[in-house]
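The next block holds one structure in the form of structure tokens; read it before the comments.
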Amino acid sequence: MLKNKAQPKRHWLDLAPGDPVIVTAGKDKGKQGEVLRTIPDKHKIVVKGVNILKRHSKAGQRRGGTQVAQGGIVDFEAPLSYSNVMLVCNKCDKPTRIRKTVLPNGQKAIVCVNCGEVYERVRNKV
């Protein structure tokens, strides 16, 4: 195993799970959804209800039991490129580019370019 292999550069994505986004390019252009997860190493995100693909799975038996895994066609959301989506602002409900800023209390935040408001993430309480 090589010890001196260069590590891949980390990409920090401005989107987080739960953020509303709109697709700006590709077969699902114009669709709106919520970010399910981010894949920073590949510069991709997964959006709920967008980029649906099908996988055909073969029926099989699990080891050591009588359970049988059912075969069939499974629909799933495939990752899409981070550059093909735009964040939707909470205040003005428009797709927007963002600016990074530092608040007076020292915290970093992102700001909507359209309305100038600080973007606040809505957290779902589980």
Side-chain angles (χ1 to χ4, degrees):
M1 187 163 125
L2 294 173
K3 300 276 185 186
N4 59 354
K5 185 176 179 183
Q7 295 297 318
K9 185 179 177 188
R10 286 275 177 185
H11 298 283
W12 298 106
L13 305 180
D14 296 319
L15 298 176
D19 289 347
V21 293
I22 191 165
V23 180
T24 58
K27 68 176 186 177
D28 293 319
K29 182 177 180 177
K31 285 189 180 178
Q32 197 164 346
E34 181 180 305
V35 176
L36 292 178
R37 63 190 171 96
T38 61
I39 308 166
D41 295 340
K42 296 183 179 179
H43 215 66
K44 293 183 180 268
I45 64 168
V46 178
V47 181
K48 187 175 186 177
V50 176
N51 202 20
I52 303 289
L53 298 183
K54 294 179 182 284
R55 281 283 179 263
H56 296 261
S57 63
K58 190 182 259 189
Q61 230 177 357
R62 296 192 184 181
R63 291 186 211 156
T66 57
Q67 290 181 330
V68 176
Q70 186 176 359
I73 300 172
V74 179
D75 294 341
F76 69 101
E77 288 104 354
L80 62 137
S81 180
Y82 172 75
S83 64
N84 292 344
V85 296
M86 286 181 82
L87 181 68
V88 176
C89 181
N90 294 2
K91 309 286 189 228
C92 59
D93 284 336
K94 293 181 184 176
T96 181
R97 295 184 311 278
I98 56 173
R99 270 196 195 107
K100 295 180 182 177
T101 185
V102 179
L103 298 176
N105 61 4
Q107 290 183 331
K108 293 180 182 177
I110 53 179
V111 176
C112 172
V113 171
N114 292 332
C115 62
E117 289 290 325
V118 174
Y119 178 76
E120 294 180 15
R121 289 198 162 85
V122 178
R123 297 286 179 206
N124 296 334
K125 294 184 179 180
V126 179

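We're numbering straight along the sequence, starting at 1.
Atom CD1 of I52 sits about 6.5 Å away from atom CG of D75, to the nearest 0.5 Å. Taken to the nearest 0.5 Å, the NZ atom of K100 stands 8.5 Å off from the CD1 atom of I110. Interatomic distance, CG of D41 versus CG of L13, reported as 9.5 Å (0.5 Å rounding). In this structure, CG in D19 is found 3.5 Å from OH in Y119, a value given to the nearest 0.5 Å.
The two residues V74 and S57 come nearest to each other via the heavy atoms CG2-OG, 4.1 Å. In this structure, N90 and D93 approach most closely via the heavy-atom pair O-OD1, 3.7 Å. The shortest non-hydrogen separation linking V23 to A25 is CG1-O, 3.2 Å.
With a 4.5 Å cut-off on side-chain heavy atoms, Q107 and N105 count as touching.
Sparse packing is recorded around NZ of K54, with 12 or fewer heavy atoms of other residues, nucleotides or ligands lying under 6.0 Å away.
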(message) Could you walk me through whether V47 and Q32 satisfy the side chain to side chain contact (heavy atoms under 4.5 Å, CB included) test, starting with their C-alpha distance in whole Å, then the side-chain angles of each, then the deciding distance to 0.1 Å, before giving a yes or no?
(response) CA-CA 9 Å; V47 181; Q32 197 164 346; over 6 Å; no

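Not a single donor-acceptor pair under 3.5 Å links the side chain of E77 to the backbone N or O of V50.
The hydrophobic cluster containing I73 does not contain L53, counting ILVMFWY residues as joined when their side-chain heavy atoms lie under 4.5 angstrom apart, directly or transitively.
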Please output the side-chain donor-acceptor pairs of residues 79-89 that fall under 3.5 Å, not counting sequence neighbours, one pair per line with the distance.
from	atom 1	to	atom 2	distance (Å)
S81	OG	S83	N	3.4
S81	OG	S83	OG	3.1
Y82	OH	D14	N	3.4

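Taking Ile, Leu, Val, Met, Phe, Trp and Tyr as hydrophobic and joining them when side-chain heavy atoms fall under 4.5 Å apart, one finds V46 in a cluster with L36, I39.
Within the structure, salt bridge (charged side-chain N to carboxylate O under 4.0 Å, His left out) pairs that include any residue of residues 102-118 do not occur (at least two apart or interchain).
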